[in-house]
K.L.:
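Have a look at this one.
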Amino acid sequence: MKKSKMLTLCSNSKVRAKLLKDANIPFIQNSCEFDEDSIKTKIPLEFVKKATEGKFKECLKCFGDKTPLLCADTIITDGKTLIRKPKNREEAKKLLLLQSGNKIDIVTYHILGFQGQIYTHLATTTCYFKIFKELENYLESGEWQGSAGGCKVEGFCKKYIKSQQGYESTAMGLCIEWLVEILQKL
């Protein structure tokens, strides 16, 4: 992809940036502010779509659409409950205990926009977890910060996955497999 067509990752996520680097997708990382707390719905799929759309609209205002803009948001759900990023250690513990020994869906919604063309994708990875051990050490490490539900499937939670349906990249916050397919069309 030419520099003028270089992808703009509209996210501060180090994990999303690493996924792009590992896939050899040239990008710059830049984001705009969007207040996710302004979203009133507690319906998981509705929330993740509204959050991604809000981020995308803000980034369009900031950057225009001369280069491809990629926005994504990720949530966790047990099928009914919306599980977002924990705000503190106590909330992280509560959310991680909800996931421990249970089935969760990690849902990522993506918007890729470029010169008036909009591509969207909703992807889900389902994880069946064993009981989390060493939870206190994980909480003390602070590694849970910035992740939906405090869950890091590439880190702490990985060793507790009994089985998984869907892409690991989706669970990490960016479905690389979908993105590569779309970028090849551009």
K.L.:
Is the backbone of Phe114 close enough, under 3.5 Å, to the side chain of Asp65 for a donor and an acceptor to pair up by distance?
P.N.:
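Not confirmed, Asp65 side chain does not pair with Phe114 backbone.
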K.L.:
Does the side chain to side chain donor-acceptor pair (under 3.5 Å) test come out yes or no for Asn30 and Thr8, once each step is laid out?
P.N.:
CA-CA 7 Å; Asn30 215 338; Thr8 299; over 6 Å; no
K.L.:
Give a yes or no on whether a salt bridge exists between Lys94 and Glu91, defined as a side-chain N under 4.0 angstrom from a carboxylate O.
P.N.:
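Answer for the salt bridge query: no.
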K.L.:
Check Cys71 against Cys10 and note the closest heavy-atom contact, atom names and distance.
P.N.:
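Heavy-atom minimum between the residues: SG-CB, 3.5 Å.
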K.L.:
How far apart are the closest heavy atoms of Gln29 and Ser11, and which atoms are they?
P.N.:
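Smallest interatomic distance, heavy atoms only, reads NE2-O, 2.8 Å.
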K.L.:
Mind checking what makes salt bridge (Lys or Arg N to Asp or Glu O under 4.0 Å) contact with Glu154, not counting sequence neighbours?
P.N.:
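Salt bridge (Lys or Arg N to Asp or Glu O under 4.0 Å) check on Glu154 returns nothing, list empty.
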K.L.:
Is there a path of hydrophobic side-chain contacts, each under 4.5 Å between heavy atoms of I, L, V, M, F, W or Y residues, that connects Tyr128 with Ile104?
P.N.:
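Per the 4.5 Å side-chain linkage, Tyr128 and Ile104 are not co-clustered.
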K.L.:
Apply side-chain contact (heavy atoms from CB on, under 4.5 Å) to residues Glu168 and Gln164 and explain how you reach the verdict.
P.N.:
CA-CA 8 Å; Glu168 182 179 54; Gln164 174 179 304; 3.9 Å; yes
K.L.:
Keeping the roles fixed (side chain from Trp144, backbone from Leu139), state whether a donor-acceptor pair exists under 3.5 Å.
P.N.:
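Checking the backbone N and O of Leu139 against the side chain of Trp144, a donor-acceptor pair under 3.5 Å is found.
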K.L.:
Tell me if a side-chain donor or acceptor on Tyr119 pairs with a main-chain N or O of Leu183 at a distance below 3.5 Å.
P.N.:
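No, Tyr119 side chain to Leu183 backbone: no donor-acceptor pair under 3.5 Å.
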K.L.:
So for atom CD, which belongs to Glu136, do other residues, nucleotides or ligands contribute more than 12 heavy atoms lying within a distance under 6.0 Å?
P.N.:
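Yes, CD of Glu136 has more than 12 neighbouring heavy atoms, counting only those of other groups under 6.0 Å.
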K.L.:
Using every non-hydrogen atom in the two residues, find where Lys80 and Thr77 come nearest and quote the distance to one decimal.
P.N.:
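Distance-wise, the nearest heavy atoms are N-OG1, 3.4 Å.
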K.L.:
In this structure, which one of Thr125, Thr124, Thr52, Thr170 forms a side chain to side chain contact (heavy atoms under 4.5 Å, CB included) with Thr108?
P.N.:
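Looking at Thr125, Thr124, Thr52, Thr170, the match for Thr108 under the side chain to side chain contact (heavy atoms under 4.5 Å, CB included) is Thr170.
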K.L.:
When you compare the side chain of Glu177 with that of Ser169, does any pair of heavy atoms fall below 4.5 Å?
P.N.:
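Sidechains of Glu177 and Ser169: in contact.
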K.L.:
For residues Val153 and Cys127, report the shortest heavy-atom separation together with the two atoms involved.
P.N.:
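So the two residues come closest at CG1-SG, 4.3 Å.
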K.L.:
List the steps and the verdict of salt bridge (charged side-chain N to carboxylate O under 4.0 Å, His left out) for Lys85 and Glu36.
P.N.:
CA-CA 11 Å; Lys85 295 175 188 169; Glu36 290 183 16; 5.1 Å; no
K.L.:
How close do Glu134 and Lys159 get, counting heavy atoms only, and between which atoms?
P.N.:
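Nearest heavy atoms, Glu134 then Lys159: OE1-NZ, 2.8 Å.
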K.L.:
Do Thr67 and Met6 have side chains that get closer than 4.5 Å, going by heavy atoms?
P.N.:
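SC-SC contact between Thr67 and Met6 ruled out.
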K.L.:
Less than 4.5 Å apart, any side-chain heavy atom of Leu112 and any of Pro68?
P.N.:
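Leu112 reaches Pro68 side chain to side chain.
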K.L.:
For the residue pair Leu179 and Leu20, establish whether any side-chain heavy-atom pair is separated by less than 4.5 Å.
P.N.:
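Answer yes - side chains close enough.
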K.L.:
Nearest 0.5 Å, what's the NZ-CD distance between Lys87 and Gln145?
P.N.:
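Going from the NZ atom of Lys87 to the CD atom of Gln145 covers 13.5 Å.
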K.L.:
To the nearest 0.5 Å, how far apart are CG in Leu174 and CG in Leu70?
P.N.:
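Reported value, rounded in 0.5 Å steps: 5.5 Å.
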K.L.:
Quick one: does Gln99's side chain have a donor or acceptor within less than 3.5 Å of a partner on Phe129's backbone?
P.N.:
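No; judged by distance alone, with no hydrogens or angles, the pair does not exist.
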K.L.:
Listing request: all ring-ring contact (aromatic ring centres under 6.0 Å, His included) pairs with a residue in residues 167-186, at least two apart in sequence or in separate chains.
P.N.:
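ring-ring contact (aromatic ring centres under 6.0 Å, His included) check on residues 167-186 returns His110-Trp178, His121-Trp178.
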K.L.:
Could you state the interatomic distance from CG (Leu96) to SG (Cys157), rounded to the nearest 0.5 Å?
P.N.:
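Output value for this atom pair is 6.0 Å.
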K.L.:
With side-chain contact (heavy atoms from CB on, under 4.5 Å) as the criterion, how do Ile106 and Thr74 come out once you've worked through the C-alpha distance, each side chain's angles and the decisive distance to 0.1 Å?
P.N.:
CA-CA 7 Å; Ile106 304 171; Thr74 302; 3.6 Å; yes
K.L.:
What's the separation between atom CD1 in Ile182 and atom NZ in Lys185, rounded to the nearest 0.5 Å?
P.N.:
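Answer for the CD1-NZ pair, Ile182 versus Lys185, is 4.5 Å.
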K.L.:
Determine whether Asp78 and Lys103 make a side-chain contact, defined as any pair of heavy atoms from C-beta on separated by less than 4.5 Å.
P.N.:
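No; the side chains remain at least 4.5 Å from each other.
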K.L.:
Centroid separation under 6.0 Å, is that true for the rings of Tyr138 and Phe156?
P.N.:
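Centroid distance Phe156-Tyr138: below 6.0 Å, so yes.
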K.L.:
Measure the CE-CG distance between Met172 and Leu19 for me, rounded to the nearest 0.5 Å.
P.N.:
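The CG atom of Leu19 is 4.0 Å from CE of Met172, to the nearest 0.5 Å.
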K.L.:
Say whether, by atom type as modelled, one donor and one acceptor occur between the side chain of Arg84 and the main chain of Gly149 under 3.5 angstrom.
P.N.:
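Pair absent, no side-chain N/O of Arg84 close to backbone of Gly149.
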K.L.:
Mind checking who shares a hydrophobic cluster with Leu122, ILVMFWY linked at side-chain heavy-atom distances under 4.5 Å?
P.N.:
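So far as hydrophobic clustering goes, Leu122 is joined with Phe34, Ile39, Leu45, Phe47, Val48, Phe56, Leu60, Phe63, Leu69, Ile75, Leu82, Val107, Tyr109, Ile111, Ile118.
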K.L.:
For Leu135 and Leu97: C-alpha separation, side-chain torsions, deciding distance, then whether side-chain contact (heavy atoms from CB on, under 4.5 Å) applies.
P.N.:
CA-CA 9 Å; Leu135 186 56; Leu97 286 172; 3.7 Å; yes
K.L.:
Identify the two heavy atoms, one from Thr41 and one from Lys50, that lie closest to each other, and give their separation to 0.1 Å.
P.N.:
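Taking every non-hydrogen atom into account, CG2-CD, 4.3 Å.
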K.L.:
Answer yes or no: is there an ion pair linking Glu33 with Lys55, defined by an N-O contact shorter than 4.0 Å?
P.N.:
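Here Glu33 does not pair with Lys55 in a salt bridge, since their nearest N and O are not under 4.0 Å apart.
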K.L.:
Hey, could you give me the CD1/OG1 distance between Ile43 and Thr81, rounded to the nearest 0.5 Å?
P.N.:
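It is 12.0 Å, given to the nearest 0.5 Å.
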K.L.:
Between Asn102 and Ser100, is there a donor-acceptor pair closer than 3.5 Å when you use the side chain of the first and the backbone of the second?
P.N.:
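A pair under 3.5 Å: yes.
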K.L.:
Just wondering, more than 12 heavy atoms not from Lys42 lying within 6.0 Å of its NZ?
P.N.:
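Not buried by this count: 12 neighbours or fewer within 6.0 Å.
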